[in-house]
Amino acid sequence: MSSVDQLTPSQRAAVECIDGPLLVLAGPGSGKTRVVTHRIARLVEHGVPPHQILAITFTNKAAGEMADRVGRLLPGARVQVSTFHRFCARLLRRYASVVGLQPNYTILDSADQKQVLRRVINELDLDPVHYSPEKVGYRISTAKNDLQTSEDIQRQYEESIADHWQAVIARVYPAYQRWLLESNSVDFDDLLLHVATMLVENAELRQELDSRYRYILVDEYQDTNAAQYQIIAALSQEYPNLCVTGDPDQSIYGWRGARIENILRFERDYPDAQVVRLEQNFRSTQAILRSADRLIGHNTQRKAKRLLTDNDEGDAVELLEFADGHDEADGLARRIRDLVEAGKASYGDVAVFYRVNALSRQLELALLRYRVPFQVAAGVAFYDRAEIKDALSYLRLIYNPNDRSAFLRVVNTPLRGLGETSQRRLVAWAADNGCNFLEAAARAKEIPRLTKRAVAGFERFARLMGEFSLADAGSVEKLLLTVLDRTGFTRPWEGSLNEQDQQRLANVQELVTAARQFDAVHGDEPDLEAFLEQTSLVNETDSLDPAAGQVTLMTLHAAKGLEFPFVFILGVEEGLLPHERAVRDAGKRELEEERRLLFVGMTRAERRLWLTQAVTREFRGRTLHTIPSTFLSELEYSRVDASQRGDLFPDWQAVPEPQTDRKALPRDSEGKLDFGNGAKITTAASLLKGSSEAVELPRGFALGMRVRHPRYGVGTVTEVGGFGMRRTVTVNFSEAGRTEKFVAAKAPLQPLGT
DNA sequence: CAGGCCGTGCTTTTT
DNA sequence: GCACGGCCTG
């Protein structure tokens with residue numbers, strides 16, 4: 001049962017439109033997800049079989065949320081809710097042979113991709129400094145997102161006058177693609193490109209799938225790229241029951257190939273499309289919305305849409321002016337703390353957004369100083385860590401023996417004395433003899449110029465790999481454990497006192513746990529394929545915990561789709577927002593995207609919104625005078641001089657005088673060091689672990705005190721000097737074998753007691 | 001083959 | 001200003 005009566009008239013109109021193309025233009029905070037989920041429920045009520053419905057999102061998080069809500073409205077219904085990539089991965093699994101792959105293909109992650117490109121660039125005798133794997137990869141990715149295959153690029157190059165980059169891409173792209181094909185593997189972009197090509201070149205298949213997915217819903221349609229557009233179009237020809245939702249004003253991924261035109265031209269693509277505008281905002285105050293609306297009104301690439309709300313007027317959007325970046329960070333940290341101490345907010349209600357990650361650093365330090373708990377939405381994702389990738393590469397190689405990237409990752413991990421030279425000889429021989437690397441390793445005796453040791457090493461490795469099989473192990477977890485055990489994977493770190501090694505062990509343990517949980521969900525059918533797909537398409541960055549009671553720091557891009565009562569947007573300055581590159585390079589188009597970026601940030605705020613600006617800012621090591629952002633002249637705000645200059649240490653109390661006398665340190669009843677009841681902070685280390693476990697900040701540092709540094713590990717305070725704000729501590733990190741001097745008030749040092 | 005030093009080159013990053 | 005990759009040495 002869908003409770004349609006709780007919807008607004010326009011929401012209801014969207015929900016009740018069953019057949020034919022439908023465009024839902026949904027402003028920020030207008031209840032879009034509600035509409036989509038209710039609409040799915042409505043379709044089923046109308047007798048549409050759930051398996052004919054396909055809902056597509058961009059992120060796993062969005063897919064998860066949607067599936068959850070659909071599940072609540074329609075318990076037990078089998079509606080397919082999937083991300084673009086996962087949907088394509090599944091299709092490709094079934095129709096792999098159509099594009100020359102085998103069904104057990106594996107998916108390369110971005111690190112593998114870079115490795116392969118580096119190899120290809122070297123093989124082609126190109127300068128890897130000038131033509132870095134990153135830049136080449138970016139261009140290949142752009143081409144793929146624009147539906148250009150390596151053949152297209154080659155042909156284009158031959159037929160036109162090209163620059164040196166085109167010449168390079170025309171050589172690298174086909175070679176890279178060949179490597180992937182020979183590895184029976186694909187990269188992220190291939191998942192889309194292969195499916196898009198397959199649907200275009202294979203009329204029968206297209207028809208079959210079109211009629212299979214009769215009702216399609218696409219979320220965030222403004223972010224679709226050419227490949228995604230083509231896939232959706234191909235599946236909506238005979239049955240154009242296509243409902244797309246989105247907001248052209250929130251299109252911020254143009255640089256990743258997203259084409260805002262896709263949503264702008266929807267009515268031309270489907271002339272009988274119905275259009276519903278969701279303009280009522282349930283999130284923000286009138287003041288915030290009015291300001292954001294005025295800003296976005298300066299864009300030309302959009303569909304007219306008002307932002308309306310019945311909410312209160314609320315406080316004016318404020319522009320806080322600071323003297324410099326340090327002043328700004330300090331001022332923000334103080335404001336946030338005061339807000340919470342005054343009982344107006346809890347830390348979890350506050351978010352800070354910025355254009356570039358580099359801007360978070362000073363703020364993090366300030367928040368530490370003020371003992372404000374925070375989480376940063378960045379950091380290394382779990383599945384991006386080397387030890388995790390290595391362990392998974394074993395599984396990949398077991399599943400797909402042709403996976404060259406996986407082979408090269410693990411052949412010498414742990415070390416088997418099979419260095420670069422031996423590997424190069426094996427690779428060359430495999431190419432000459434048309435066999436995969438694993439077969440070559442088994443036949444290492446035949447490879448010329450290999451040392452005796454290398455031959456033995458390769459043979460042992462091949463034999464080892466031959467022993468592993470999912471069927472024998474019985475479950476993914478057991479297979480993983482067998483691999484770890486038989487390869488001595490964790491042995492180099494066992495018993496080590498090094499923090500990093502311990503972290504690695506813990507990470508591998510976590511992977512085993514993940515495998516166990518996976519097995520539990522999949523019952524008696526051990527499914528390595530699904531596990532690998534899961535680990536390569538799921539990113540653990542969705543791990544931001546809204547309930548953690550911490551201030552959230554993130555880029556403006558990462559903020560899309562979220563909401564917070566109190567929002568700060570840092571550095572609203574020319575060059576930063578809009579970013580200099582957007583201004584310099586292409587001009588208007590990119591400038592509009594920057595404007596949308598600010599718009600997205602502003603419309604995340606529910607109750608109060610602050611923008612900040614510093615008079616001078618350090619940039620790449622030099623201090624520059626800033627120019628206020630053009631966007632400021634386009635929105636509504638009131639200016640506040642928030643500079644703390646002239647009052648150099650305004651919050652002296654917040655930085656306790658470090659104590660040198662160990663005996664004078666405050667202690668609790670048990671005689672343990674008492675660090676006071678200061679706010680909890682999260683160390684970089686515990687953030688990395690993904691736990692929200694907080695530690696307490698010290699009141700002072702004493703000689704002989706043991707402290708932990710997120711990078712250097714555990715150390716001992718050997719010297720304390722300076723006074724007040726300039727108090728320094730010198731710490732000897734015996735493990736890391738180094739001695740470092742810190743400014744006490746700023747150092748991310750966690751005391752461990754004496 | 002690891003560790004240290006030097007030079008370079010810099011947004012954003014749903015998958 | 002800093003981080004990463006490349007190159008060189010023990």
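Naming convention: chains lettered A, B, ... in sequence-line order (proteins, then strands); numbering from 1 in each chain.
- We find that CG of N357(A) is positioned 8 Å from C1' of dT12(B), with the value rounded to whole Å.
- Taking the charged nitrogens against the carboxylate oxygens, R596(A) and D249(A) have no contact shorter than 4.0 Å, which rules out a salt bridge.
- In this structure, CD of E594(A) is placed 8 Å from C1' of dT11(B), rounded to the nearest angstrom.
- The shortest distance between the side-chain N/O atoms of T555(A) and the OP1/OP2 oxygens of dT13(B) is below 4.0 Å.
- Atom C1' of nucleotide dT15(B) and atom CD of E220(A) are separated by 14 Å, given to the nearest angstrom.
- An aromatic stacking contact links W255(A) with the base of dT12(B), defined here by ring centres under 5.5 Å apart and ring planes under 30° from parallel.
- Put simply, H557(A) does not rest on the base of dT12(B): the two rings are not both less than 5.5 Å apart at their centres and under 30° in tilt.
- At dC4(C), none of the side-chain N or O atoms of K114(A) fall inside 4.0 Å of OP1 or OP2 (strictly under the cut-off).
- In the set dC10(B), dT15(B), dA2(B), dT15(B) carries the atom at the smallest distance from any side-chain atom of T83(A).
- Summarising the local packing, CG of L124(A) is surrounded by more than 12 heavy atoms from other residues, nucleotides or ligands at distances under 6.0 Å.
- Between Q250(A) atom CD and dT14(B) atom P the separation is 17 Å, expressed in whole Å.
- Straight-line distance from the CD1 atom of I252(A) to the C1' atom of dT13(B): 11 Å, rounded to whole Å.
- In this structure, the CG atom of N412(A) is 13 Å from the C1' atom of dA2(B), given to the nearest Å.
- Within the 3.5 Å criterion, the main-chain N or O of L108(A) finds no donor-acceptor partner in the side chain of S185(A).
- Computed from coordinates, the E593(A) CD to dT14(B) P distance equals 15 Å when rounded to whole Å.
- Taking only side-chain atoms of R355(A), from C-beta outward, the nucleotide of dT12(B), dT15(B), dA2(B) with the closest atom is dT12(B).
- Ring pair Y253(A)/H557(A): centre-to-centre distance below 6.0 Å.
- Relative to the side chain of V356(A), the nucleotides dT12(B), dT13(B), dC10(B) differ in distance, and dT12(B) lies closest.
- Residue K135(A) is the one, among K135(A) and H85(A), whose nearest nucleotide of DNA chain B lies closer to the 5' end (criterion: closest heavy atom).
- E592(A) places a side-chain N or O within 3.5 Å of a backbone atom of Q301(A) that can act as its donor or acceptor partner.
- The gap from the P atom of dC4(C) to that of dT13(B) amounts to 16 Å, rounded to the nearest Å.
- Among the protein residues, D189(A) comes within range of no part of the nucleic acid, since none of its heavy atoms lies under 4.0 Å from any strand.
- dG5(C) and dT12(B) have their P atoms separated by 16 Å, with the value rounded to a whole Å.
- Using a 4.0 Å heavy-atom distance criterion, Y253(A) is classed as a base contact.
- Rounded to whole angstrom, the span from the NZ atom of K144(A) across to the C1' atom of dT13(B) amounts to 17 Å.
- For K144(A) and D187(A), the salt-bridge test passes: some basic side-chain N is under 4.0 Å from an acidic carboxylate O.
- Applying the 4.0 Å criterion to OP1 and OP2 of dG6(C), one finds that R118(A) has a side-chain N or O inside that range.
- For dT15(B), the OP1/OP2 oxygens have a side-chain nitrogen or oxygen of N60(A) closer than 4.0 Å.
- Contact between the side-chain N/O atoms of R361(A) and the OP1/OP2 oxygens of dA3(C) is found at a separation under 4.0 Å.
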